[in-house]
Amino acid sequence: MSTSATIRGRAWVFGHNIDTDVIAPADTISFGLGDAAEEDNVKRNAFRTVRPGLYREVREGDILVAGRNFGLGSHREPANKALHSLGFRAVVAESIARLFFRNSVAIGFHVFQVPTILSFVKDGDELEIDIDAARLRNLSAGSELALESYSPLIRRIIEQGGILEVLKSRLAAQQA
Amino acid sequence: MGMTIVEKVMGRAAGSGAVRPGQYVDCKLDRILAHEEFYRIHTVAEAAGLKGGLPDIWDRERFHVILDHFQPVINQLQALRQRKIREVAEQYRLKYFDDALPAVIHRVAIEDYVLPGELALGSDSHSCAWGALNCVGTGMGEHELAYALVFGELWFKVPESIRVNLSGSLPDGVTAKDVSLWLGGRFGTAFALYKAIEFLGEGARRLAMDARITLAAHAVELGGKFGLFEYDDVTAEFLSRRTRMRHQLDWARPVGPDADAIYCQTVDIDLGSLEPQVARPHTFENVVPVREVQGTRIDQAMVGSCANGNLDDIATVAGVVRGRRVHPKTRFIVQPNSWGVYREAMRRGHVDTLLDAGVTVISPGCHLCLGMQGSLADGDVCLTSTTRNHRGRMGSGNADIYLAGPATVAVSALAGRIVDPREHR
Ligand code: SF4
């Protein structure tokens, strides 16, 4: 997935414990074929039990903001992918479930944990993330805060575009 | 300085001996198991530009594929997918491929594949269940498993560990599920986020393997990466009954914590003081003692899943329903979590007892837990011993799912409403 140094878009604010059954309902993946039809189905139904029709509203570059333990539950990667296909380019949450965090890194998607995020952002605010400087700006409120920078290892995986790009370069190095 | 179970196992797997929480390490893997998502591992590799998928699999003795979530399949899409999985399995020349062996992957893993002291990954979030067998197991997504399958290694952040000290023994009507639910209610779903939980103490040693499986599986509902038990006589006895893969039994290297291991938190639980718990919709932390939801009408009751489709869970249900009838307005469905469990339940007469009482017993697998069978309609209320009560998990987003132990579920199924199992005599 593409990574760029600045992400700018509207904040969509969710509460605590947004689980993967909410993000990508089981019947939409139904352990499908992992093809375009499945991706489209997951996208249209993402968040349908808490915010139906979200897919019509999100614009590319938007940022999902959430409370505690975002993405808990099933390991399902289609949930991670759904955020990207909806148009989101980052998640900033009080905390992020372990598998959701790892899967995001593995596909090169930005995830940040900020314990005070819900008091910093209102739904609809315009946000900007400067990845290199590790800063989050709330352009609507005129405020700014520091993000915890990635560990060098995680940064390298995200910057390369995900773990399969790392895999490919390792294979290439072995063959060289 | 003393080390926890996870620190010892990751230290060994990283080839560096001593590791500390927070450290990033590359670990060699002892085992990988995948279910239907094996197909997605293949497709994400292809989508990333690897022609034909993964170039190879690092060790065929240590990789197992088990079709569990949709076994038997219920529609053409699933049927097509399984056909594709079979083709891919053949293409990769897998040595271990359990195709028509209906069961939940985690029970099969514990019965047949994983070993004490191993560092193992599964394509499923409840792979932490393997910790019941002293295996340091956890779930991973398909992108990372693709990498892991090629190189036999992956990056880890060494987790901090929480020590859950168990003492005493469970009173009648209270089960291991109630311990997990109590922890969820007390500490929330982020209790063990990025951490390992070790269940220690004389109370843990007294728990049977099936109860350990419930607790280890639910580590992930508490946010945890691992849920671990020590190796002891119970583990050894369980392993001694393994029928497949006996040639690997002496690969086991049981690992216990040092007496001076450092834990980030210690929680003491006197099992004897617990009462039955219920998680109300829609999270694992929305927990109250059963008496606070007594009388709630239920349309459906279920016992099953990786956490609670074990033999002891079914025995608990049989003990409650023997000689009685399920409430006429309640559907009670039980799904064992492996053929081994199913057949043993039959041999002991539990299946007959359940059928006599009007319980529907379905073939082993994940169906109930995901609403693939026993789907819920708008307004339905379900009380279940499966793993998750997330909104929409079993069909309608307007259904209410309550979680409870198998004793509570069985007693309530007879009454058609939530009842405290301790009042059932
Ligand atoms: S029983 Fe439920 S939680 Fe366990 S592996 Fe199957 S679907 Fe997942």
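Because the structure is predicted, anything quoted here is derived from the model rather than measured. Heavy-atom basis, side chains included; hydrogens, waters and symmetry copies ignored. Proteins get letters first, then strands, A, B, ... in listed order; numbering begins at 1 in each.
Within a 6.0 Å radius of NZ in K168(A), more than 12 heavy atoms belonging to other residues, nucleotides or ligands are found. The number of heavy-atom neighbours closer than 6.0 Å to CZ of R135(A), taken from other residues, nucleotides and ligands shown, is above 12. Within 6.0 Å of the CD atom in Q76(B), the count of heavy atoms belonging to other residues, nucleotides or ligands does not exceed 12.
Within the 4.5 angstrom heavy-atom criterion, atoms from both the backbone and the side chain of I163(A) approach chain B. Residue Y24(B) touches chain A through its side chain alone, counting heavy-atom pairs closer than 4.5 Å. L54(B) does not touch chain A: none of its heavy atoms, backbone or side chain, sits under 4.5 Å away. Contact of I96(A) with chain B is made through backbone and side chain together, with heavy-atom distances under 4.5 Å. At a 4.5 Å heavy-atom cutoff, the contact between Q113(A) and chain B is made by side-chain atoms alone. Within the 4.5 angstrom heavy-atom criterion, atoms from both the backbone and the side chain of M140(B) approach chain A. For a residue to count as touching a neighbouring chain, one of its non-hydrogen atoms must lie under 4.5 Å from one of that chain's; by this rule F156(B) touches chain A with backbone and side chain alike. For P78(A), the part lying under 4.5 angstrom from a heavy atom of chain B is the side chain only. For a residue to count as touching a neighbouring chain, one of its non-hydrogen atoms must lie under 4.5 Å from one of that chain's; by this rule F101(A) touches chain B with the side chain only. With a threshold of 4.5 angstrom between heavy atoms, R102(A) approaches chain B through its backbone and through its side chain.
The two residues W155(B) and I157(A) have their closest heavy-atom pair at NE1-CD1, 3.4 Å. When every heavy atom of A97(A) is checked against every heavy atom of L193(B), the shortest pair comes out as CA-CD1, 3.8 Å. Across all non-hydrogen atoms, the minimal contact from A190(B) to R68(A) is CB-CG, 4.0 Å. Across all their heavy atoms, G73(A) and H390(B) have their closest contact at CA-CE1, 3.9 Å. Listed here is the closest heavy atom pair of L99(A) and S125(B): CD1-CB, 3.6 Å.
Distance check, rounded to the nearest 0.5 Å: CG of L72(A) to OG1 of T283(B) gives 8.5 Å. Between atom CZ of residue R391(B) and atom CZ of residue R48(A) there is a gap of 12.0 Å, rounded to the nearest 0.5 Å. From E77(A), atom CD reaches atom CG of L145(B) across 8.0 Å, with rounding to the nearest 0.5 Å. The CD atom of E165(A) sits 9.0 Å away from atom NE2 of H143(B), with the distance rounded to the nearest 0.5 Å. The distance from the OG1 atom of T43(B) to the CG atom of D35(A) is 9.0 Å, given to the nearest 0.5 Å.
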Problem - salt bridge (charged side-chain N to carboxylate O under 4.0 Å, His left out) between R76(A) and E142(B), worked out - result: CA-CA 9 Å; R76(A) 64 188 71 155; E142(B) 293 80 38; over 6 Å; no
Exercise for the section: For the pair L171(A) and F151(B), evaluate side-chain contact (heavy atoms from CB on, under 4.5 Å) and give the outcome as yes or no after the intermediate values. Expected result: CA-CA 10 Å; L171(A) 283 176; F151(B) 299 115; 4.1 Å; yes
Practice task
Output, in order, the C-alpha distance, side-chain angles, deciding distance and verdict of side-chain contact (heavy atoms from CB on, under 4.5 Å) for N398(B) and T49(A).
Solution key: CA-CA 8 Å; N398(B) 298 316; T49(A) 49; over 6 Å; no
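Counting heavy-atom pairs under 4.5 Å between each of A45(B), G49(B), S123(B), G371(B) and chain A puts S123(B) at the top. With respect to chain B, the highest number of heavy-atom pairs below 4.5 Å among T20(A), N103(A), V22(A) belongs to N103(A). Each of H126(B), E285(B), K84(B) has some count of heavy-atom pairs under 4.5 Å with chain A, and the biggest count is that of E285(B). For the set V150(B), T189(B), V220(B), V44(B), the count of heavy-atom pairs under 4.5 angstrom toward chain A peaks at T189(B).
In this structure, a donor-acceptor pair under 3.5 Å is absent between the side chains of R393(B) and S74(A).
Without hydrogens or angle criteria, R98(A) side chain to G139(B) main chain gives a donor-acceptor distance under 3.5 Å.
A salt bridge links E153(B) with R170(A); the closest basic N to acidic carboxylate O contact falls under 4.0 Å.
Between N17(A) and F284(B), the closest side-chain pair of non-hydrogen atoms is not below 4.5 Å.
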